[in-house]
Structure formats: structure tokens, C-alpha cells
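Here's the structure we're looking at; comments come further down.
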There are 2 protein chains.
Amino acid sequence: MENVEAECRGLAEVIARIGDKWTVMVCGHLSEGTHRFNALKHRIPGISHRMLTITLRGLERDGLVARKAYATVPPKVEYCLTPLGQSLTGPLAALASWARENRPALEQARAAFDRRAAQD
Amino acid sequence: MENVEAECRGLAEVIARIGDKWTVMVCGHLSEGTHRFNALKHRIPGISHRMLTITLRGLERDGLVARKAYATVPPKVEYCLTPLGQSLTGPLAALASWARENRPALEQARAAFDRRAAQD
DNA sequence: CCGTATCCAAGTAGATACTG
DNA sequence: CAGTATCTACTTGGATACGG
């Protein structure tokens, strides 16, 4: 491949962007359809109120997620993927697929490495 | 897609694994062929000696990179991708491609968001 | 040349409490 | 129900120095 430097920088930026603790989980659930704030919170085990807010705000800022607030009492806010966000699900699914297929190999490699390291 | 929960967890694990500051850069350069430690260090601007060691050790542990040390003076250590590591470059390239195509849209979305936020 | 250890600054995320 | 602010613990990564 030509121009590894530039390709890597672009890739590194995306990875850095979505590589935090919660972003892929949020995207994954939104890829199934529109969800309310609390619906997401309940479907993503372990996420705090604060982190869900921050994660959604970041995705909204990047144009990957659309936010729609209804001026009702109590408030109701819906989130869904934008077309740009949906276009990201393809590449992510490819990576998820790789993860599923190669997890055993990874775990085996880790175990073998740790066994060798323990022999010191 | 069925089973979003499980797919996301697998995906989240890979992203967490390769989502640190240097891993994709190292993989990108190794995808071009075998390199010595210092060759990598000089090709990856900004990486510290320590972080390159840690990054390579992590990749080696997961079976993505192979390490070959020559008992010479001075020492010589070569790193290259394993077949497993090479299999990861496909999905990563898809993501890099997405990054290249959609960077302008991302930056535009960010600018628009920040402009709206500044209107408070 | 390559690897490791120590120290430390900065970033990240959880808990909690409060607001509209 | 959704969002914000504050405080704090933990993790990450850079600088530096030393060892094989």
C-alpha cells in the first residue's frame, strides 16, 4: 500500500475518536434504531449517566448521531444515527466480524505468551 | 443485525485493544514488512522508546506481531506481522478508507456544532 | 541497540448531588 | 427525564536514567 504514513494518521484519528470506553456500544445500539436517553442507559450495562451524555454529545458534534428533544414534561430526547453514522457501521461490522472469528486465536496467543513469561 | 449485545462486546474489545495511542501506527508500518526496533522508532514521529516497547510487547502477546532477536553485539531485534496480524489489516484498511472519504464531513459537522454552541 | 524501572503530569471516568 | 457540576481515584503516557 502506498503512503502508509497518511493512511495511518487518518485511521489513527478515527480509532482515537471511537476508541474510548463507550462510543462503539452506543453506536451499536443506535444502529438498531432510534432510542431515548434512558433506553440507551438501560441497554448499556455499566455506563453512567454522565458518560452517556458525554459520549452522545461527542457523536452529535461529529455528525454521527442526531439528537431530537421534545419540549414535553417530563422531557423526552431521542437519538439516532445520521446517514454519516450509518456509513460507519459497515467498516465497524467488518472489524466486529474479525473479532468474532479470531477471538480464540487471540486468547490462545495470550495464554501461550503468559505461560512463557511465567517461566522466568 | 441479531445479537447486538454480543457483537458490540467483541467489537468493543478489539477497539479497546488497538485504540491506544500507538498501536495502529505500529501495525501500519509493520504491514509494509519487517522492521527493526529503531527503524520503527524513527518512522513513527513522536513515539517514545518506552511506548514503542510496550506497544510491541502487547502486540506480541496477542499473537499479532512476531519478535526475532539476534544474539549479536550490538543486539538486533526484528518485528513483523504474524498471519493473524496480517488478517487484521483488511478490516483496518476498510476503516482507514472510511476515514479518508469522510473526514471533510466530520470536520464540517464539528465546525457547525461549535458554531451553534458559541451562540449561547 | 534494545529493554526496563521510576517518577510524575495529564487525561479519563465513576459517584454524587443539584437544576429545569 | 435529561443534563450539568464538582470532586476524586485510576490509568495513560512522557522524561529520564540505568542495565544487558
Side-chain angles (χ1 to χ4, degrees), chain A residues 9 12-13 15-27 29-30 34-62 65-80 113-114 116-120, chain B residues 9 12-13 15-27 29-30 34-62 65-80 113-114 116-120:
Chain A
R9 254 198 295 276
E13 270 180 45
I15 297 275
R17 173 63 194 78
I18 65 174
D20 59 63
K21 198 167 175 186
W22 300 110
T23 293
V24 293
M25 272 289 170
V26 171
C27 286
H29 284 279
L30 289 181
T34 299
H35 287 82
R36 294 184 58 170
F37 185 91
N38 264 358
L40 284 171
K41 181 152 163 40
H42 288 122
R43 276 161 207 268
I44 303 176
I47 196 169
S48 67
H49 192 122
R50 178 177 170 269
M51 287 317 296
L52 182 53
T53 303
I54 290 177
T55 303
L56 286 167
R57 209 59 76 246
L59 287 167
E60 188 194 358
R61 178 171 185 254
D62 284 351
V65 157
R67 176 180 185 275
K68 181 155 195 196
Y70 298 87
T72 57
V73 180
K76 170 174 154 184
V77 183
E78 288 180 341
Y79 293 92
C80 64
F113 185 93
D114 292 347
R116 283 196 301 277
Q119 284 181 351
D120 298 340
Chain B
R9 254 198 294 276
E13 270 181 44
I15 298 273
R17 173 63 194 77
I18 65 175
D20 60 65
K21 198 168 173 183
W22 300 110
T23 292
V24 294
M25 272 291 170
V26 171
C27 286
H29 284 279
L30 288 181
T34 299
H35 287 83
R36 293 184 59 173
F37 185 91
N38 263 359
L40 283 171
K41 181 153 164 41
H42 288 123
R43 277 162 206 268
I44 303 177
I47 196 169
S48 68
H49 191 120
R50 177 177 171 269
M51 286 317 295
L52 182 53
T53 304
I54 291 177
T55 303
L56 286 168
R57 208 59 76 243
L59 288 167
E60 189 195 356
R61 176 168 186 257
D62 285 350
V65 157
R67 178 180 184 272
K68 180 156 194 196
Y70 298 87
T72 58
V73 181
K76 171 175 152 184
V77 183
E78 289 180 341
Y79 293 91
C80 65
F113 184 93
D114 292 347
R116 279 196 304 275
Q119 283 183 349
D120 300 339

Of the candidates dG3(D), dC1(D), dG14(D), the side chain of Arg67(A) sits closest to dG3(D)
Side-chain N or O of Tyr79(A) closer than 4.0 Å to phosphate OP1/OP2 of dC1(D)
no
Quickly work out the Leu40(A) CG to dA2(D) C1' distance and round it to whole Å.
12 Å
Any side-chain N or O of Lys21(B) less than 4.0 Å from the OP1 or OP2 oxygen of dG14(D)?
yes
Ser48(A) side chain: which of dG3(D), dC1(C), dG14(C) is closest?
dG14(C)
Categorize Tyr70(B) for me: base, sugar-phosphate, or nothing, with a 4.0 angstrom heavy-atom threshold over every strand shown.
nothing
Whole Å only: how far is the NZ atom of Lys68(B) from the P atom of dC2(C)?
15 Å
Quick check: does any side chain N or O of Thr53(B) sit under 3.5 Å from a backbone N or O of His49(B), one acting as donor and the other as acceptor?
yes
Only one of Ile18(B), Thr55(B), Val65(B) passes side-chain contact (heavy atoms from CB on, under 4.5 Å) with Val26(B), and that residue is Thr55(B)
For residues Thr23(B) and Ile15(A), determine if any side-chain heavy atom of one lies less than 4.5 Å from a side-chain heavy atom of the other.
no
Within less than 4.0 Å of OP1 or OP2 of dC1(C), is there a side-chain N or O belonging to Lys41(B)?
no
Per Asp20(A) side chain, nearest of listed nucleotides dG3(C), dC1(C), dA13(C):
dA13(C)
Does Arg50(B) make a side-chain donor-acceptor contact with the base of dG13(D), cut-off 3.5 Å?
yes
I need the NE2-C1' distance between His49(B) and dT6(C), as an integer number of Å.
15 Å
Whichever of Arg36(A) and Thr53(A) has the more 5' nearest nucleotide on DNA chain D, that residue is Arg36(A)
Keeping Arg67(A) on the side-chain end and Arg57(A) on the backbone end, is there a donor-acceptor pair under 3.5 Å?
no
CD1 of Ile44(B) versus P of dG13(D): gap in Å, rounded?
14 Å
In terms of the nearest nucleotide of DNA chain D, which residue is placed more toward the 5' end: Phe37(A) or Met51(B)?
Phe37(A)
What is the distance from CD1 of Ile47(B) to P of dT12(D), rounded to the nearest Å?
16 Å
Looking only at the side chain of Arg57(A) (C-beta and beyond, no hydrogens), which of the listed nucleotides dC2(C), dG3(C), dG3(D) gets closest?
dG3(D)
If you take all heavy atoms of Tyr79(B) and Leu30(B), which pair is closest and at what distance?
O-CD2, 3.4 Å
Heavy atoms from C-beta onward define the side chain here; which of dA2(D), dC2(C), dG3(C) lies closest to that of Pro75(B)?
dC2(C)
Spacing between Ile54(A) atom CD1 and dT12(C) atom P, to the nearest angstrom
10 Å
State which of dA13(C), dC2(C), dA2(D) makes the closest approach to the side chain of Val77(B).
dC2(C)
Here the distance between atom P of dG13(D) and atom CG of Leu52(B), to the nearest Å, is 13 Å
